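Heads up: the structure comes next, in structure tokens.
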Amino acid sequence: ASPSGASRSRHQRGENSPTAMKRFAYLGLGSNLGDRAAFLQEAVAGLPDVAGVSAIYETAPVGGPEQGPYLNCVAQLLTDLTPRQLLQLCQESEKAAQRVRDERWGPRTLDVDLLWVDGEEVNEPDLVVPHPRMHQRAFVLIPFCDVAPEVVASLPGAAEVMAADAAQVVAIGPVNP
């Protein structure tokens, strides 16, 4: 852990340690502009170490301005990338989809969030793992449950959120990268 306590890892290893062990990491992907399914498919196809992908779900936007519905999915990676490297991967995926950040929670071609990394906790200004709001969002929890039901079951209040909002999260079909 750092002296400030800002970031802690349950496994002691360096950024590029040859002994870095693979563990599961989960990315939430969403799109509500352009060919939404194609943006998700291309993003998943461009990810390294994919071990599983949820179905695609259509959901209403949460927060932000008036905008169209989202398509969402969750990708499971079996990786030795650090949370910082995973954040960079998320940002590179968004850039490849020509994401524009004009408005907080505004419409986007692609949004990729780092949700969870097994054995890791990070609390830094630009990176918080586990994702601080995922347990409040059925559009994250329901696809997350497709690939890691045991992780979702461990999140306080997740079952209640999924039950309350399940009708607003509609399965569309598989991601076919």
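Bear in mind that the values here come from a model prediction, so they are computed numbers and not experimental data. The first residue of the sequence shown is numbered 1, and numbering continues consecutively from there.
- Between Leu114 and Pro83, the closest side-chain pair of non-hydrogen atoms falls below 4.5 Å.
- We find the CD-CZ distance between Gln76 and Phe144 to be 9.0 Å, quoted to the nearest 0.5 Å.
- With contacts defined as side-chain heavy-atom distances shorter than 4.5 Å, the pair Leu141/Gln136 does not qualify.
- Annotation: the span from Gln88 atom CD to Ser93 atom OG amounts to 10.5 Å, rounded to 0.5 Å.
- The shortest heavy-atom contact between Cys73 and Ala55 is CB-O, 3.6 Å.
- Side-chain atoms of Val122 and Val128, non-hydrogen and from C-beta on, never get closer than 4.5 Å to each other.
- For residues 145-154, the set of pairs meeting the side chain to side chain donor-acceptor pair (under 3.5 Å) definition, not counting sequence neighbours, comprises Tyr57-Asp146.
- Side chains of Pro69 and Arg36 form a contact here, defined as non-hydrogen atoms less than 4.5 Å apart.
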Inset, instruction - Could you check Leu71 against Ile172 for side chain to side chain contact (heavy atoms under 4.5 Å, CB included), going step by step and ending with a plain yes or no? - result: CA-CA 8 Å; Leu71 293 184; Ile172 298 299; 4.0 Å; yes

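- Across all their heavy atoms, Ala25 and Leu86 have their closest contact at CB-CD1, 3.7 Å.
- In this structure, Asn32 and Gly68 approach most closely via the heavy-atom pair ND2-O, 3.0 Å.
- Residue Val147 comes nearest to Gly52 through the heavy atom pair CG1-C, 4.0 Å, listed as atom of the first residue, atom of the second, then distance.
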Legend entry - Derivation of the side chain to side chain contact (heavy atoms under 4.5 Å, CB included) call for Leu115 and Leu27: CA-CA 5 Å; Leu115 302 175; Leu27 306 180; 5.9 Å; no

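- Here the side chains of Arg84 and Leu127 are in contact, with some heavy-atom distance below 4.5 Å.
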Inset, instruction - Please test Phe139 against Tyr70 for ring pair (Phe, Tyr, Trp, His ring centres under 6.0 Å), starting from the C-alpha separation and ending with a verdict. - result: CA-CA 9 Å; Phe139 68 86; Tyr70 278 82; 7.3 Å; no

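- Counting only heavy atoms from C-beta outward, the side chains of Val117 and Arg23 approach each other to under 4.5 Å.
- Contact record, Ala43 with Leu110: CB-CD2, 3.7 Å, taken as the closest heavy-atom pair.
- When hydrophobic clusters are built by joining Ile, Leu, Val, Met, Phe, Trp and Tyr residues whose side-chain heavy atoms come closer than 4.5 Å, directly or via intermediates, Leu33 is not grouped with Val112.
- Considering CG of Asp80 and CE of Met21, their distance stands at 11.0 Å, rounded to 0.5 Å.
- Note on Asp113 versus Arg133: no salt bridge recorded, every NZ/NE/NH1/NH2 to OD/OE distance being 4.0 Å or above.
- You'll find the side chain of Asn72 stays beyond 4.5 Å of the side chain of Leu29, heavy atoms only.
- Between the OG1 atom in Thr59 and the CZ atom in Arg137 there is a gap of 10.5 Å [rounded to 0.5 Å].
- Not counting sequence neighbours, the partners of Ala138 by the side chain to side chain contact (heavy atoms under 4.5 Å, CB included) test are Ile142, Val161, Asp165, Val169.
- Proximity of Pro174 to Ile56: side-chain heavy atoms (C-beta onward) are nowhere separated by under 4.5 Å.
- Residues Glu94 and Arg108 are not paired through a salt bridge, judged by the lack of any N-O separation under 4.0 Å between the basic side chain and the carboxylate.
- For Phe39, the side chain to side chain contact (heavy atoms under 4.5 Å, CB included) test picks out Ser31, Ala97, Thr109, with sequence neighbours left out.
- Leu77 and Pro48 get closest at one heavy-atom pair: CD2-O, 3.3 Å.
- The distance from atom CZ of Phe24 to atom CG of Leu78, rounded to the nearest 0.5 Å, is 5.0 Å.
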Inset, instruction - Start with the C-alpha distance between Trp116 and Val129, add both sets of side-chain angles, then the distance that settles side chain to side chain contact (heavy atoms under 4.5 Å, CB included), and finish with yes or no. - result: CA-CA 6 Å; Trp116 180 278; Val129 178; 5.5 Å; no

Inset, instruction - Let me see the working for Val152 and Met162 under side chain to side chain contact (heavy atoms under 4.5 Å, CB included), right down to the final yes or no. - result: CA-CA 10 Å; Val152 174; Met162 289 189 302; 3.7 Å; yes

